[in-house]
Amino acid sequence: MANTQHNEQKNVDEKKFIEILGDTVSGNQLIISIILSVVASFLGYQLGQWVFPKIADPQMINSYSLLTGIAGILIVVVINTILFKPKRILVEDETSSHSLKEAFEDLQIDIDEEIRLIEEDPVTKKELEDFGILSSLQGLKGADKK
Amino acid sequence: MSIYLIALLFALLGAAIFTVIGLISGTDETAIMVPITLLVILLGAPPEGVFAFFMAGVLAKHLTHAVPTALLGIPGDTTAVPLIDHANTLRRLGMPHVALRKMISGGVIGAFIALPTAVLLGQFLGQFADFFKSSSGIIFTLAAILIAFFSKGKWASLLIIIPFAFFIKALDSVSFAMLDKHLSITFFLGIAIGPMFCNILMAASPVAKNDLTRSKQNQYNLAPETKSWKGYFPNPFKILSKRQTIFTSITTFLSSLTFVFSPVGMTSLMGEIVGSRTKGAYKKSTTSLTVMNGVTESTYIAEAIIPLIAFGIPLSPVALGPASPLFNAPPIFTVDPVNNLHTLMSSWDFFIFGLIGISVAALIAYPFAMNYARKASVLVLKYISQEAIVAMFIGLAFLLAYNEAQLVGVVLTFTVATVGGLLNRILGVGAGVQFMVFYASSWIMLQLFGI
């Protein structure tokens with residue numbers, strides 16, 4: 001564990017991440033996890049091939065070995081999850097009426113027009129009321145002109 | 001144990017596994033559905049169980065992949081890409097939970113409309129099955145040309161059809177010489193994990209690495225959430241307005257009939273049609289999201305079911321991708337001769353076991369996504385590393401390839417993954433094109449070279 005943390009630290013210092021399937025990972029850690037996973041699936045499968053001929057129907061040996069292989073992989077998933085922490089930054093947003101106004105500006109939506117369209121349609125108005133959003137929207141009325 | 005109970009258990013299993021997987025964003029449909037479905041088949045599940053598992057998995061995954069799409073603004077997988085703009089609008093307005101609720105309510109409705117529609121259409125098209133089966137070689141080839149032209153790679157995809165068929169046939173001949181049997185799962189897996197494997201290879205090459213190198217970690221902005229209903233199980237019809245329910249019903253019915261087009265294409269098209277008829281940013285985004293997620297679901301389900309019932313050969317983008325093991329998983333299911341769910345189940349069976357599958361998924365994933373979306377995404381983002389996920393899928397591919405043909409299988413899978421993955425990532429030759437060429441390769445080589 002100490003070693004891993006050291007690696008992580010180093011990676012952060014060097015600021016090098018690799019993007020795989022839309023998420024950032026550390027290259028070295030990825031290689032280690034893949035090797036662990038492949039070895040575990042192989043060992044699990046071989047264990048099945050060794051154990052099951054003694055106790056199971058010959059037809060089912062391969063299927064059962066697949067199961068032991070998966071067991072191996074799942075154990076490694078747990079190990080990998082403990083060893084390697086996600087390389088993501090999680091920011092928890094808070095929406096304030098200030099940021100709401102900014103959002104309308106960014107999206108180039110006319111606030112008054114939007115509120116008018118919502119208020120004209122009773123179904124949508126009721127819906128936003130239930131969600132508790134209507135009042136903060138109405139608070140922005142006329143904000144464009146200011 | 002009665003077959004209904006078995007199917008129910010498999011549906012529960014599918015729903016549970018894919019509810020969790022759906023939360024992990026950016027996951028590739030084919031790379032995930034194929035190995036896991038293959039496992040279930042090879043482990044000896046009865047056909048009804050396999051089908052219920054698959055249907056439950058598909059719906060559960062789509063319901064929970066709406067969570068990263070709505071709350072984080074990153075597509076849950078490729079089918080969610082067209083929804084991102086509308087989801088982002090609502091997220092910026094501080095209403096990601098509204099986006100999420102609309103999306104998954106639309107998805108549930110879409111699934112329950114698509115199932116009966118697809119079964120009936122499949123039944124109807126079944127009368128032409130003999131024609132399709134007897135001329136499958138040329139149909140696969142024509143379909144490969146069509147799909148290639150409409151893939152991202154366009155002309156490049158067309159140009160590589162013959163070389164890729166040659167490549168497949170060559171690998172087939174070499175492995176046949178070594179093992180005295182034809183392999184198929186190994187080819188499949190190679191195509192499925194290609195894009196993922198290609199990224200790993202690129203990361204390992206100092207020359208190619210630059211494209212993938214990032215100077216900082218990905219940042220995720222997670223929006224706050226509020227709950228607006230009482231109890232555990234919200235009613236989807238109450239979440240949607242009447243207008244949204246009607247639009248979703250019509251579009252999902254229509255899209256269930258167009259089983260040869262890509263789900264992403266249909267989703268964009270229907271979203272555009274409905275969105276352009278709706279005024280106001282809020283109404284437009286919510287209505288589009290509802291309709292689009294419904295359409296994704298219905299196209300997906302129809303594309304898997306119609307070819308299964310009607311032909312027994314994979315003749316749609318979904319049947320060639322995520323649903324491919326239902327057609328071809330030797331030695332249990334084969335395409336030539338057709339011996340798969342098509343021959344083993346009646347249309348009525350498809351309806352009943354499909355219904356078991358989607359009902360179980362709706363009962364598990366729908367309230368889960370409604371109630372625990374935010375908590376679950378925090379958990380996944382904070383504790384599950386991408387390294388562990390990628391490693392798991394490479395491990396699964398290795399295991400399945402080894403099971404089919406030991407070391408030869410493993411080498412073959414990763415050879416196909418290298419070539420297919422690079423073609424996919426660099427030239428835009430999608431997995432659908434590659435699967436189609438794989439099926440067409442025997443016929444193409446027979447016509448060209450007489451072998």
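Each chain gets a letter, A, B and so on, in the order the sequences are listed, and its residues count up from 1. Quick note: numbers below take in every heavy atom, side chains included, and nothing from hydrogens, waters or symmetry partners.
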*Answer with yes or no whether the side chains of B:Glu404 and B:Thr186 bring together a donor and an acceptor at under 3.5 Å.*
yes
*With chain B, which of A:Val123, A:Ile118, A:Asn62 has the greatest number of heavy-atom pairs at distances under 4.5 Å?*
A:Asn62
*When only pairs under 4.5 Å are counted, which of A:Val39, A:Asn80, A:Val38 shares the most heavy-atom pairs with chain B?*
A:Val38
*Are side-chain N/O atoms of A:Gln49 and A:Ser65 paired as donor and acceptor at under 3.5 Å?*
yes
*Measure distances from A:Val77 to the heavy atoms of chain B and classify the residue's part below 4.5 Å as side chain, backbone, both or neither.*
both
*Specify which of B:Ala281, B:Gly280, B:Ser241, B:Ala388 makes the most heavy-atom pairs with chain A at under 4.5 Å.*
B:Ala281
_Minimum heavy-atom distance B:Gly106-B:Thr248, with the two atoms named_ = O-CG2, 3.9 Å
*Tell me, for A:Glu120 versus chain B, whether the close heavy atoms (under 4.5 Å) come from the side chain, the backbone, both or neither.*
neither
*asked:* Tell me which of these, B:Ile384, B:Ile394, B:Asn403, has more heavy-atom pairs under 4.5 Å with chain A than the rest.
replied: B:Asn403
*Structural part of A:Leu36 lying under 4.5 Å from a heavy atom of chain B*: neither
*A:Ile18, part contacting chain B, at a heavy-atom distance under 4.5 Å*: both
*Under 30°, 30 to 60°, or over 60°: which ring-plane class applies to A:Tyr64 and A:Phe52, parallel, tilted or perpendicular?*
tilted
_Less than 4.0 angstrom from a charged side-chain N to a carboxylate O is my criterion; do A:Glu119 and A:Arg116 meet it?_
no
*Does any heavy atom of chain A fall under 4.5 Å from the side chain of B:Lys209, the backbone, both, or neither of them?*
side chain
*What residue, out of A:Ile31, A:Leu117, A:Asp121, A:Val25, has the most heavy-atom pairs lying under 4.5 Å from chain B?*
A:Val25
*Given that the side chain runs from C-beta out, which part of A:Ile35 has a heavy atom under 4.5 Å from chain B: side chain, backbone, both or neither?*
neither
*Are a donor atom and an acceptor atom from the side chains of A:Lys87 and B:Gln386 found within less than 3.5 Å of each other?*
no
*In terms of heavy-atom proximity below 4.5 Å to chain B, should A:Leu30 be classed as side chain, backbone, both, or neither?*
both
_B:Pro68 versus B:Leu23, closest heavy-atom pair with distance_ = CG-O, 3.8 Å
*For residues A:Arg88 and B:Gln217, determine if any side-chain heavy atom of one lies less than 4.5 Å from a side-chain heavy atom of the other.*
no
*Among B:Thr89, B:Asp211, B:Leu399, which residue forms the greatest number of heavy-atom pairs with chain A at distances under 4.5 Å?*
B:Leu399
*asked:* Pair A:Phe84, A:Ile32 - check side-chain contact (heavy atoms from CB on, under 4.5 Å), show working.
replied: CA-CA 10 Å; A:Phe84 308 123; A:Ile32 297 168; 3.9 Å; yes
